[in-house]
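Okay, structure first, notes after.
Values reported hereafter were calculated over all heavy atoms of this structure, with side chains retained and with hydrogens, waters and symmetry mates removed. Chain letters run A, B, ... following the sequence lines, proteins first and then strands; every chain starts at 1. These numbers come from a predicted model, not from an experiment.
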Amino acid sequence: MELFKTFKKPKDLLVVIILILIAGSIFWSIWDHYYHAMPQQVLIITEKPFYTSNTELSLAVKDILPNRICFSSCYPYFFERQDKEWVAYDYNNKCDHPDMIESCLEPDYAKFFSILLPSLDPGVHRILIPVAINREVGDFFHKDELYYSNDFIVK
Amino acid sequence: MKKVLIIFTILIFTSLGFILQAEATNCDIDGDSCSAADCLDCNSVTLTWDEFDLEDLKDIHPYATALDSVTYTVTLIGVGTGVTSENYLSFSNLQENNNYQWRVRVGYRYKTYGFYFGSGRWYADTTYTDTYLFTTPICVVDNNPPVAAFSCDPESCCYAYTNSSDPMLTLINESSDPDGLDDINSSEWKGIEPNSNCSDLCNYTVQTSGLSSGNYEISLKVIDNAGASSTAIGIIEIKQDIMADFECSMDKEGPWEDCTDFKGIQKEYVYFKDISTVSEGAVNIISRAWELNEVLFGGENNATSSVELFERSNIIKLTVEDDQGRIDTASYDLGARLPLPTWKEVAP
């Protein structure tokens with residue numbers, strides 16, 4: 001009650017509230033600016049720049065989004081080959097189970113995967129990973145965003 | 001008076017007979033020594049004769065001093081007349097088995113001495129035209145027409161198979177000509193496209209591509225140098241050949257699909273079913289060979305087979321042989337989709 005005694009008039013209280021609102025909006029603006037300035041990305045990096053078909057490829061996926069990302073159980077990734085433009089490979093289109101979310105990655109966390117390369121055409125390739133944002137393991141997968149790896153060469 | 005004129009004319013012709021020695025090239029015109037070898041192409045003839053010159057003129061006109069011009073009017077009786085200033089002329093379209101006569105009429109201008117009244121001699125131009133007949137016949141030998149004939153090679157099988165090149169059926173041109181094979185000028189084969197013409201005795205290879213099975217009439221016409229012709233007609237049989245083919249499936253029980261647009265999956269098995277048909281007269285397929293990228297798989301003579309695809313592009317080939325010894329091959333380029341992508345989480 002002592003605090004209220006410092007306000008001699010009701011007008012003083014109004015001024016304080018206005019000042020608080022102004023300060024709040026300033027802080028919000030600063031936060032929002034830095035939030036958007038942060039990298040909104042999923043880093044997907046292969047271990048090596050060169051591979052050959054039917055060998056193992058190691059892959060690191062790091063979520064530097066502010067959100068959780070989740071992967072498909074049927075098509076967690078695709079290979080694409082550069083032929084003037086990026087061309088997706090033709091995949092087996094019959095997944096024998098429902099396309100659920102199998103695993104997720106929390107912000108600032110990374111996961112490492114091992115992929116056995118199929119027989120690919122020689123040339124420049126990249127890996128495309130479709131992700132669902134802020135979903136739970138066990139949900140049906142729905143692609144929200146696509147992220148690409150670095151380019152690498154299949155000899 | 002008439003008799004005098006006739007005797008005079010005969011004398012003139014007889015004397016000129018020594019002046020104009022006529023002969024024909026390309027064809028013997030002696031009349032008494034013709035042979036087929038001399039006279040194989042008598043449907044055209046070039047007649048030549050000795051030029052009418054000043055000496056010849058002086059025999060007729062002793063006072064002639066110069067021969068200005070000469071024109072020969074040549075008549076090949078039954079064929080036509082031509083005019084020339086040269087000492088030769090050609091005629092064509094002579095008919096076979098005919099003998100022809102010909103004559104040359106000479107027209108000329110000459111100069112002779114004359115006397116100019118009061119100032120000595122003078123030249124005078126005189127035109128004189130005379131006619132000389134040559135009765136030497138042109139010999140046109142009797143032409144023997146060719147005889148068309150053909151046979152099959154190999155002789156024992158006068159048939160071919162649809163869409164097949166092995167064994168290739170060749171028709172042998174066995175035509176003849178009593179005047180010699182050289183007298184045959186051309187051969188024309190008709191019946192199965194493409195028709196074939198040649199300028200001598202040529203054989204004919206039957207092209208069965210695109211043909212359906214059945215009997216086909218083939219005709220061979222041969223034409224000799226004199227234009228006489230003969231035609232032989234024969235029937236050849238085109239039999240239905242063995243046709244290799246197979247269907248594809250991702251399951252050994254089917255459903256079976258045409259392999260043209262079929263796609264397998266890498267590292268998975270694809271199943272094949274032979275749907276070949278045997279050739280006409282055959283009952284069974286006695287051998288089958290399955291190949292993936294030129295490597296055999298699937299054992300011997302199996303009507304169904306399977307193979308695991310490792311490459312994105314795979315040439316599957318089936319070679320079949322029936323009990324008539326007919327062989328055919330079918331092949332498809334089978335693309336393979338990538339398998340479902342999988343990954344395994346590992347420790348960093």
Side-chain angles (χ1 to χ4, degrees), chain A residues 43-47 53-54 56-62 70-81 83 87-99 102-105 109-123 125-131 137 141 149 154, chain B residues 246-273 290-298 304-318 331-348:
Chain A
L43 289 177
I44 306 167
I45 301 167
T46 61
E47 186 185 30
S53 288
N54 303 308
E56 209 157 84
L57 175 146
S58 294
L59 188 71
V61 181
K62 181 169 185 184
C70 299
F71 308 112
S72 159
S73 61
C74 278
Y75 300 99
Y77 61 89
F78 297 96
F79 286 106
E80 289 187 341
R81 183 172 57 87
D83 184 15
V87 181
Y89 279 92
D90 196 7
Y91 277 85
N92 179 3
N93 52 8
K94 288 176 186 165
C95 182
D96 57 3
H97 56 268
D99 192 6
E102 197 170 53
S103 66
C104 294
L105 190 55
Y109 279 80
K111 280 189 175 183
F112 299 86
F113 297 97
S114 167
I115 295 172
L116 182 59
L117 289 177
S119 176
L120 299 172
D121 296 333
H125 286 71
R126 68 180 181 183
I127 296 172
L128 175 158
I129 296 183
V131 298
V137 171
F141 178 80
S149 73
V154 174
Chain B
F246 57 92
E247 291 181 326
C248 297
S249 175
M250 290 303 294
D251 190 293
K252 63 180 175 184
E253 303 296 335
W256 300 98
E257 300 174 38
D258 187 325
C259 297
T260 307
D261 298 319
F262 185 86
K263 281 199 167 183
I265 296 168
Q266 266 187 32
K267 298 176 185 173
E268 290 194 20
Y269 276 89
V270 178
Y271 297 84
F272 307 104
K273 184 174 77 171
W290 298 92
E291 289 175 55
L292 165 63
N293 298 330
E294 300 186 346
V295 176
L296 284 168
F297 70 93
T304 57
S305 188
S306 63
V307 73
E308 189 177 356
L309 302 181
F310 286 99
E311 305 298 330
R312 296 192 58 240
S313 175
N314 307 276
I315 306 292
I316 307 290
K317 191 161 86 173
L318 168 64
S331 73
Y332 292 97
D333 185 353
L334 243 59
R337 293 188 169 103
L338 297 190
L340 285 172
T342 57
W343 56 11
K344 186 173 64 179
E345 193 174 342
V346 292

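By the salt bridge (charged side-chain N to carboxylate O under 4.0 Å, His left out) test, B/K317 pairs with no residue at all, sequence neighbours left out.
Aromatic rings of A/Y91 and A/F79 (six-membered ring for Trp) have centroids beyond the 6.0 Å cut-off, not under it. A distance of 6.0 Å or more separates the ring centres of A/Y75 and A/Y77. Ring-centre distance between A/H125 and A/Y89: below the 6.0 Å cut-off.
For the residue pair B/S313 / B/D333, a side-chain donor-acceptor distance below 3.5 Å is found, with atom types taken as modelled.
By a heavy-atom distance cut of under 4.5 Å, B/K263 are the residues of residues 256-263 of chain B near chain A, going up by number.
Residue contact with chain A, scored on non-hydrogen atoms closer than 4.5 Å, involves the backbone and the side chain of B/E311 alike. At a 4.5 Å heavy-atom cutoff, A/F78 makes no contact with chain B through either its backbone or its side chain. In this structure, chain B has a heavy atom under 4.5 Å from the backbone of A/L117, while its side chain stays farther away. With a threshold of 4.5 angstrom between heavy atoms, B/L340 approaches chain A through its backbone and through its side chain.
Although no hydrogens or angles enter the test, the distance criterion places no donor-acceptor pair under 3.5 Å between the side chain of A/T46 and the main chain of A/L59. In terms of modelled atom types and a separation under 3.5 Å, the side chain of B/N314 and the main chain of B/L334 share a donor-acceptor contact.
Annotation: the span from B/F272 atom CZ to B/F297 atom CZ amounts to 5.0 Å, rounded to 0.5 Å.
Listed options B/T342, B/I265, B/L338 were ranked by heavy-atom pairs under 4.5 angstrom with chain A; first place goes to B/L338. By number of non-hydrogen pairs under 4.5 angstrom with chain B, the leading residue of A/P118, A/S72, A/P76, A/C74 is A/P76.
Atom NZ of B/K267 has more than 12 neighbouring heavy atoms from other residues, nucleotides or ligands inside a 6.0 Å radius.
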